[in-house]
A.B. asks: 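Dropping a structure here in structure tokens format, bear with me for questions.
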2 protein chains.
Amino acid sequence: MDRTIREVARRAGVSIATVSRVLNKTVPVSEDKRKRVLEAVDAVGYTPNPAAQSLLKKETGGLGVLLPYAGEEFFAELLTGADLAAQEYGYYLLICTSHRDDKTLQASIRGLDKRVDGLVVMVPEINAKELAYLAKGEDPVVCINTPLSTDAVDRINFDNFEGVRKMTAYLIANGHERIALIRGPERAHDAQKRLEGYRAAMQGAGVSDTSMLEFNGDYTKQAGYTVGEKILALDPRPTAIIAANDYCAIGVLSVLHEHGIAVPEEISVAGFDDVPSAQYAAPTLTSVRVPIREIGAAAIRRLVTRLRAKHPMPHEDQVYPVELVVRQSTAPCKDEA
Amino acid sequence: MDRTIREVARRAGVSIATVSRVLNKTVPVSEDKRKRVLEAVDAVGYTPNPAAQSLLKKETGGLGVLLPYAGEEFFAELLTGADLAAQEYGYYLLICTSHRDDKTLQASIRGLDKRVDGLVVMVPEINAKELAYLAKGEDPVVCINTPLSTDAVDRINFDNFEGVRKMTAYLIANGHERIALIRGPERAHDAQKRLEGYRAAMQGAGVSDTSMLEFNGDYTKQAGYTVGEKILALDPRPTAIIAANDYCAIGVLSVLHEHGIAVPEEISVAGFDDVPSAQYAAPTLTSVRVPIREIGAAAIRRLVTRLRAKHPMPHEDQVYPVELVVRQSTAPCKDEA
DNA sequence: CTGTTAGCGCATTCAT
DNA sequence: ATGAATGCGCTAACAG
């Protein structure tokens with residue numbers, strides 16, 4: 001049995017237009033027919049075919065979310081915020097993950113084309129070409145934490161620069177001088193900003209050349225472990241390490257623990273993002289709080305607002321402040337030097 | 001400018017059928033026209049409208065995933081596994097979250113109807129009515145960790161019973177006698193199985209009535225904290241606590257820490273799931289490892305296999321084994337009683 | 001108020 | 001090898 005509008009109309013003894021009108025409440029329908037239609041709908045188990053609706057109305061009811069990974073806490077939190085907001089507005093979410101790979105990202109973007117009405121993009125390493133492609137598309141796009149090379153999209157950023165600058169300044173104020181930084185991926189926009197924040201603070205403290213204190217890494221526990229080991233071998237050893245993010249910091253904590261080095265007594269460790277895990281690490285992790293869930297929701301709201309607006313809206317560029325959260329993994333420097 | 005097949009055909013000076021044939025490689029097309037079509041496609045930036053394709057072919061290319069939450073680590077891991085597998089097969093993922101709410105779940109299920117070609121459901125508290133609805137639908141469904149009340153769907157379960165039974169037996173073997181259990185939600189299928197596993201082990205050790213040791217809770221840190229506090233007030237105090245899952249266990253650890261009670265010296269704590277955080281909790285958490293990412297991928301593979309099979313396939317019922325992972329949060333009982 | 005009709009964009013016959 | 005024509009299920013415009 002076809003679960004189509006025609007079948008419903010047949011059973012109710014009305015035309016398909018009437019069925020549509022009952023379902024969409026677009027025009028009054030006589031109570032009698034209305035009831036018969038509703039019964040038939042129930043009997044058939046009818047649901048309008050979204051493909052047909054979408055073809056006609058040029059709307060899909062879906063919103064796309066583009067992320068490097070869905071499983072990492074940071075992105076999972078973003079997803080949760082987006083999910084909650086989308087549900088509130090009656091949109092469903094289509095998730096695409098790039099796994100930090102350009103080809104996959106491009107495929108995802110192409111594949112999303114007419115499947116969604118709008119797009120949230122949080123891919124720090126997105127390249128200019130893809131960004132331009134998105135900006136040229138018909139669908140509204142909100143970019144989270146991406147470089148500002150186009151003004152054809154909405155942007156929501158958080159203050160990567162200021163976050164690490166504050167963190168560095170805090171460590172300096174606590175007597176640290178040799179503060180190592182594990183940088184995130186070079187092509188990731190946020191990692192660059194964090195690096196600049198670090199340098200700014202260090203220069204403010206009179207350290208103009210930090211090249212010996214900067215280490216290449218990425219946003220993984222594995223990187224924290226490996227690079228942490230390298231940093232330990234330094235002489236003199238840094239008294240503090242600022243990791244690329246919380247995951248990376250947790251890797252650092254892990255290698256320090258294995259080497260029997262006390263945190264924060266012998267060395268301070270800091271992360272970035274303040275993901276839920278940071279509060280449960282051992283020791284609890286000093287970090288920079290990013291209101292990521294809220295940002296995810298804000299991105300969806302922006303998209304929906306734009307979709308509902310019948311007149312063009314100016315594109316916005318919002319920057320969320322971030323907040324230093326001091327926990328057990330950092331302490332004043334006890335270096336006797 | 002319309003980005004339709006017609007526009008491409010016009011530019012290439014061919015019929016729309018030819019464009020379709022070039023794009024779908026369904027029938028040979030003369031090299032000359034093929035080239036012109038491809039050029040036109042490029043010039044227009046043409047992508048076939050998925051809604052039109054779906055209307056015609058009765059396939060969407062999407063797979064739905066139904067979860068309580070997207071942000072919790074356990075589900076995020078499931079999602080990652082599903083995502084990887086879906087990407088491999090060229091399907092996209094449509095995520096719906098129920099937030100453990102029946103109404104939301106029902107709305108999600110209805111909304112997914114013709115938007116996807118198949119469905120992965122991991123909602124332990126799903127009710128019989130919704131399950132029946134899903135089973136009756138046209139799309140293949142894989143249920144993860146749900147009760148076995150219908151054989152019209154594929155099922156992938158992991159051994160909740162055996163997991164907690166093993167955990168309990170391990171604690172008993174280490175001299176523990178007063179082992180408290182924080183139960184998960186009563187209407188959650190997995191929580192029931194875990195409870196039964198606990199009781200089985202306790203009875204095996206001669207404790208036939210465990211009612212004084214069972215506590216109502218749920219899968220949250222908050223529950224672990226609150227219920228943990230209640231358990232602490234007991235006299236005599238239990239020497240071990242098995243939490244509903246890892247999140248709950250982390251809440252227990254947190255309240256014990258606040259009360260200055262040493263883990264595992266004074267009391268042992270265990271979780272379930274072995275989410276990534278368990279390895280980074282303080283102390284590291286003894287848990288039951290569930291291969292959740294693999295399960296997520298397996299569910300998608302099952303779905304795709306079924307979709308590609310042109311002949312009906314028998315429904316399967318697979319049970320993944322789970323594994324006890326002993327870490328620092330549990331130790332032999334030092335009770336002098 | 002209600003029925004009839006015309007497409008939305010595309011893959012697929014059926015002719016040629 | 002290719003074009004014309006059909007129709008997937010639905011909403012909206014047009015008649016009554």
Side-chain angles (χ1 to χ4, degrees), chain A residues 1-38 40-41 44-62 110-117 137-139, chain B residues 1-38 40-41 44-62 110-117 137-139:
Chain A
M1 171 191 68
D2 278 5
R3 300 174 167 230
T4 70
I5 196 172
R6 211 169 324 247
E7 173 68 13
V8 172
R10 201 184 57 71
R11 292 208 184 203
V14 300
S15 73
I16 62 169
T18 298
V19 176
S20 175
R21 287 193 270 255
V22 170
L23 259 22
N24 297 309
K25 302 181 172 68
T26 170
V27 183
V29 172
S30 77
E31 191 51 36
D32 167 47
K33 302 205 169 177
R34 218 181 68 82
K35 242 189 82 191
R36 270 158 47 208
V37 166
L38 258 16
V41 164
V44 175
Y46 171 73
T47 325
N49 185 325
Q53 293 184 131
S54 149
L55 194 54
L56 208 47
K57 309 207 302 187
K58 288 152 183 354
E59 294 175 1
T60 65
R110 300 295 181 280
L112 238 32
D113 195 26
K114 281 161 194 151
R115 260 184 250 276
V116 295
D117 300 335
E138 337 241 301
D139 295 335
Chain B
M1 171 191 69
D2 278 6
R3 298 172 169 233
T4 69
I5 196 172
R6 210 169 324 247
E7 173 67 13
V8 173
R10 201 184 55 71
R11 293 207 183 202
V14 300
S15 73
I16 62 168
T18 298
V19 176
S20 176
R21 287 193 268 255
V22 169
L23 259 22
N24 297 308
K25 303 181 173 67
T26 171
V27 183
V29 171
S30 76
E31 191 50 38
D32 167 47
K33 302 203 170 176
R34 218 181 67 84
K35 243 189 79 191
R36 271 158 47 209
V37 166
L38 258 16
V41 164
V44 175
Y46 171 72
T47 325
N49 185 323
Q53 293 185 133
S54 148
L55 194 54
L56 210 46
K57 308 205 301 187
K58 290 157 183 346
E59 293 175 3
T60 65
R110 299 294 181 279
L112 238 31
D113 195 25
K114 281 162 195 151
R115 260 184 250 277
V116 295
D117 300 335
E138 337 240 303
D139 295 336

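No experiment lies behind these values; they were computed from the predicted model shown. Residue numbers start from 1 in every chain, and the chains themselves are labelled A, B, ... in the order their sequence lines are given, proteins ahead of strands.
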A.B. asks: State which residues pass side-chain contact (heavy atoms from CB on, under 4.5 Å) with E7(A); sequence neighbours excluded, sorted by chain then number.
C.D. replies: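 E7(A) satisfies side-chain contact (heavy atoms from CB on, under 4.5 Å) with M1(A), T4(A), R10(A), R11(A), V44(A) only.
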A.B. asks: Could you tabulate the donor-acceptor pairs under 3.5 Å formed by side-chain atoms of residues 21-29 of chain B, not counting sequence neighbours?
C.D. replies:
unit_1 : atom_1 : unit_2 : atom_2 : d
N24(B) : ND2    : S20(B) : O      : 3.0
N24(B) : ND2    : S20(B) : OG     : 3.2

A.B. asks: Apply side-chain hydrogen bond (donor to acceptor under 3.5 Å, both in side chains) to S54(B) and list each qualifying residue two or more places apart in sequence or on a separate chain.
C.D. replies: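 S54(B): no side-chain hydrogen bond (donor to acceptor under 3.5 Å, both in side chains) contacts found.
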A.B. asks: Strictly below 4.0 Å, N to O, side chains only: are E138(B) and R3(A) in salt-bridge contact?
C.D. replies: yes
A.B. asks: Give me the distances for all protein-to-nucleotides 1-4 of chain D N/O pairs that come in under 3.5 Å?
C.D. replies:
unit_1 : atom_1 : unit_2 : atom_2 : d
dT2(D) : OP1    : S30(B) : OG     : 2.8
dT2(D) : OP2    : S30(B) : N      : 2.6
dG3(D) : OP1    : K33(B) : NZ     : 3.3
dG3(D) : OP2    : S15(B) : N      : 3.1
dG3(D) : OP2    : S15(B) : OG     : 3.0
dG3(D) : OP2    : T18(B) : OG1    : 2.5
dG3(D) : N7     : R21(B) : NH2    : 2.7
dG3(D) : O6     : R21(B) : NH1    : 3.4

A.B. asks: Hey, can you pull the residues of residues 50-61 of chain A with a non-hydrogen atom under 4.0 angstrom from DNA chain C?
C.D. replies: L55(A), L56(A), K58(A)
A.B. asks: Quick one: list whatever passes side-chain hydrogen bond (donor to acceptor under 3.5 Å, both in side chains) with D113(B), sequence neighbours left out.
C.D. replies: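 Partners of D113(B) by the side-chain hydrogen bond (donor to acceptor under 3.5 Å, both in side chains) criterion, ordered by chain and then number, come out as T47(A).
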A.B. asks: If an axis is fit to five pairs at each end of the helix from dC1(C)-dG16(D) to dT16(C)-dA1(D), what is the angle between the two, to the nearest 10°?
C.D. replies: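 Nearest ten degrees gives 50° for this helix.
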A.B. asks: Measure the distance from CZ on R10(A) to P on dG9(D) and round it to the nearest whole Å.
C.D. replies: 14 Å
A.B. asks: Go through DNA chain C in 5' to 3' direction and return only the first and the last nucleotide with some atom under 4.0 Å of chain A's heavy atoms.
C.D. replies: dC1(C) to dG9(C)
A.B. asks: Can you list everything that forms a side-chain hydrogen bond (donor to acceptor under 3.5 Å, both in side chains) with N49(A)? Sequence neighbours excluded, please.
C.D. replies: none
A.B. asks: Out of R34(A), K35(A), R36(A), which residue meets the side chain to side chain donor-acceptor pair (under 3.5 Å) rule with D32(A)?
C.D. replies: R36(A)
A.B. asks: By the 4.0 Å heavy-atom rule, please label D2(B) as base, sugar-phosphate, or nothing.
C.D. replies: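 It contacts nothing in the nucleic acid.
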A.B. asks: Using side-chain hydrogen bond (donor to acceptor under 3.5 Å, both in side chains) as the criterion, list what pairs up with R110(B), not counting sequence neighbours.
C.D. replies: E130(B)
